[in-house]
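Structure first, then comments.
Order of appearance sets the numbers: ligands from 1, and atoms from 1 within every ligand.
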Amino acid sequence: MTIAITRAVPTSITRCELTHLERQPIDFRAAERQHLRYEETLAALGCEVRRLPATDDFPDSVFVEDTAIVLDEIAIITRPGAESRRGETASAAEGLRPHRPLAYLEAPATLDGGDVLRIGKRIYVGISSRTDEVAVKQLRALAEPLGYHVSAVGVDGCLHLKSAVTALPGGAVLLNPNWVDASLFSPSEVIAIDPAEAYAANVLTIGDDVICAAAFPRTNARIASRGYRTHEIDVSELAKAEGALTCCSIIVDKR
Ligand code: CIR
């Protein structure tokens with residue numbers, strides 16, 4: 001059984017952080033409907049969806065991924081790079097406490113969970129506007145004694161490492177080669193996005209299933225043609241807040 005921790009879209013999302021996108025009006029009701037459909041898809045794929053308490057105090061609080069890194073043994077509560085987001089972590093820690101012993105990244109480290117890609121025992125950390133080398137050092141000290149190998153990866157042109165690359169079932173990766181160096185992910189099999197769909201690399205793998213954004217049909221067809229089972233959902237309103245599929249949940253495999 002897999003637990004998916006989520007948090008409802010706050011009405012304050014219209015004041016979200018933006019780094020690479022121009023601000024556009026967000027239709028709150030549509031964002032809410034899309035998020036609900038996201039949770040329903042997770043449930044249909046066998047996840048137990050548990051919602052953290054909603055809060056309008058944090059405009060980006062729907063993007064729970066950034067608050068934690070969940071390993072098999074422990075959960076590491078992050079210190080998000082945007083100051084406006086630091087207060088999101090306390091309730092995420094409470095949501096994770098029943099499932100894993102907790103560890104914490106400490107100031108001055110900054111790290112967003114969106115910069116952390118785990119493939120088995122390999123952990124890749126994007127050095128971005130949100131995540132720094134101090135955090136990599138702290139993460140290494142926590143994870144390497146547990147048998148993980150932590151490597152820092154450069155990202156260029158996008159918000160987070162997982163805007164550029166995510167894992168597919170079985171350990172292959174889907175990536176945008178303009179934003180991250182594909183050779184870093186060896187020995188994984190690498191599948192590139194369709195070049196016309198820059199933001200298509202962020203997909204969410206649940207077991208053998210892949211949740212994809214409906215906005216990227218060419219890349220999704222490419223994934224499906226390689227034999228993966230894809231599920232397309234519309235997350236267009238959340239995308240205006242620079243969020244995508246992995247961002248809206250913390251996936252916890254029940255031990
Ligand atoms: C932010 O800038 O923090 C939010 N507007 C978007 C966060 C997206 N999170 C993610 O990709 N993990």
When you measure from [atom] to each heavy atom in [options], which option holds the nearest one?
atom: atom 2 (O) of ligand 1; options: E242, R130, E88, K162; result: R130
atom: atom 12 (N) of ligand 1; options: E65, H20, E17, R15; result: E65
atom: atom 10 (C) of ligand 1; options: C248, G114, C247, A241; result: C247

- prompt: Do any N or O atoms from the side chain of R23 and from the backbone of T14 form a donor-acceptor pair under 3.5 angstrom?
  reply: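 The answer is yes, because a donor-acceptor pair under 3.5 Å joins these two groups.
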query: At the 4.0 Å heavy-atom cut-off, does D60 count as touching ligand 1?
result: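 Yes.
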- prompt: Strictly under 4.0 Å, does any heavy atom of D66 approach an atom of ligand 1?
  reply: yes
- prompt: Above 12 or not: heavy atoms from other molecules or residues under 6.0 Å from NZ of K137?
  reply: no
Side-chain touch I76/L105, heavy atoms, less than 4.5 angstrom: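 In contact.
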field: Check ion pair R85-D66 (N to O, under 4.0 angstrom)
entry: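 Yes, this pair counts.
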field: Parallel, tilted or perpendicular, as decided by the 30° and 60° cut-offs, for the rings of Y124 and F185
entry: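 Tilted, since the angle between the ring planes falls between 30° and 60°.
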